[in-house]
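Presented below is the structure to which this report refers.
Computed from heavy atoms alone, side chains included, the values below leave out hydrogens, waters and symmetry copies.
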Amino acid sequence: MAHELMFDPDDLVLGQFREIALSFSEAQEKVSHGRPTFFTKKVFAYFGAAEKHVTGELEQHPHAMLVLLEPMDAEVMLERSDTFVPMYLGPTGWIGVELADLDAGEIRELLADSYRSTAPVRLARMVADDPASD
């Protein structure tokens, strides 16, 4: 059974996010579980997420990204007020970051870290630490 789309294809925030995510070598997009998903061989980012609170309440984060960072980096990021542990993927190390207060450079930096964590070695090596050099 196909999942219902959980995003607006014409969303301007998604458009900007998509442009950055697809700028990485061999990055592709597909819809998975109703959300835009960006991958090479493995997924490196999701657009939009849900968070389940201890009360059982579900909170949707339509303008957030999910990324897989190094554990220490994720721990530091989770101290910020604009981050959260997403449903389903949180226990495996993924974190959610609201996009509202991030500029394109910050989004790109987080996506680059996640890309390096998931992409094949030859692709991960192509992503420099300096965003201006890609």
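Clustering ILVMFWY residues whenever any of their side-chain heavy atoms sit less than 4.5 angstrom apart, transitively, puts Val13 in the very cluster that holds Leu22. Using a 4.5 Å cut-off between side-chain heavy atoms of Ile, Leu, Val, Met, Phe, Trp and Tyr, with links allowed through other members, Ile95 and Ile20 fall into the same hydrophobic cluster. Under a hydrophobic-cluster definition in which Ile, Leu, Val, Met, Phe, Trp and Tyr are linked whenever side-chain heavy atoms come within less than 4.5 Å, directly or via other members, Phe24 and Leu99 are assigned to the same cluster. Note on Val127: it clusters hydrophobically with Leu110, by side-chain heavy-atom contacts below 4.5 Å among ILVMFWY residues.
Side-chain atoms of Asp82 and Leu102, non-hydrogen and from C-beta on, do get closer than 4.5 Å to each other. Residues Glu29 and Arg18 meet the side-chain proximity criterion, which asks for heavy atoms closer than 4.5 Å. Using a 4.5 Å heavy-atom threshold, the side chains of Arg35 and Phe47 count as separate.
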Go through the steps for Tyr46 and Phe38 under the test ring-ring contact (aromatic ring centres under 6.0 Å, His included), then give the verdict. CA-CA 6 Å; Tyr46 295 87; Phe38 300 87; 9.0 Å; no
Would you check, one step at a time, whether the test side chain to side chain contact (heavy atoms under 4.5 Å, CB included) holds for Glu59 with His53? CA-CA 8 Å; Glu59 181 179 356; His53 296 279; 2.6 Å; yes
Please assess Val97 against Met77 for the test side chain to side chain contact (heavy atoms under 4.5 Å, CB included), listing each intermediate value before the final yes or no. CA-CA 9 Å; Val97 183; Met77 285 294 296; 4.0 Å; yes
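Between the CD atom in Glu109 and the CG atom in Asp103 there is a gap of 9.5 Å [rounded to 0.5 Å]. Interatomic distance, OG1 of Thr40 versus CG of Leu123, reported as 5.5 Å (0.5 Å rounding). Note that CE of Met6 is 7.0 Å distant from CD of Glu4, once rounded to the nearest 0.5 Å. Once rounded to the nearest 0.5 Å, the distance linking CG of Leu5 with NE2 of His33 reads 13.5 Å. We find the CD-CG distance between Glu106 and Leu111 to be 12.0 Å, quoted to the nearest 0.5 Å. With rounding to the nearest 0.5 angstrom, the CD atom of Glu19 is 8.0 Å from the CD atom of Gln16.
The two atoms that bring Leu69 and Ala74 nearest to each other are CB-N, 4.1 Å, heavy atoms only. Closest non-hydrogen pair, Pro120 versus Lys41, comes out as CG-CG, 3.5 Å. Contact detail for Trp94 and Val43: the closest heavy-atom pair is CH2-O, 3.5 Å. When all heavy atoms of Glu98 and Phe84 are compared, the pair lying nearest together is OE2-CE2, 4.1 Å. Nearest heavy-atom pair across Phe7 and Leu14 is CD1-CD2, 3.6 Å. Minimum heavy-atom separation, Ser25 to Tyr115: O-OH, 2.6 Å.
Checked by atom type and distance alone, the side chain of Thr118 never pairs as donor or acceptor with a backbone atom of Arg116 at under 3.5 Å. With Ser114 contributing its side chain and Phe44 its backbone, the two residues share a donor-acceptor pair below 3.5 Å. The main-chain N or O of Val31 is never found under 3.5 Å from a side-chain atom of Thr37 such that the two would form a donor-acceptor pair.
For Arg122 and Glu26, the salt-bridge test passes: some basic side-chain N is under 4.0 Å from an acidic carboxylate O. Ion pairing of Glu57 with Lys52 is absent here, as no side-chain N (NZ or NE/NH1/NH2) approaches a carboxylate O to less than 4.0 Å.
Within 6.0 Å of atom CD in Gln60, more than 12 heavy atoms from other residues, nucleotides or ligands are found, so the atom counts as buried in its surroundings. No more than 12 heavy atoms of other residues, nucleotides or ligands lie within 6.0 Å of CG in Asp101, so this atom counts as exposed by the packing criterion. Within 6.0 Å of CG in Leu58 there are more than 12 heavy atoms belonging to other residues, nucleotides or ligands.
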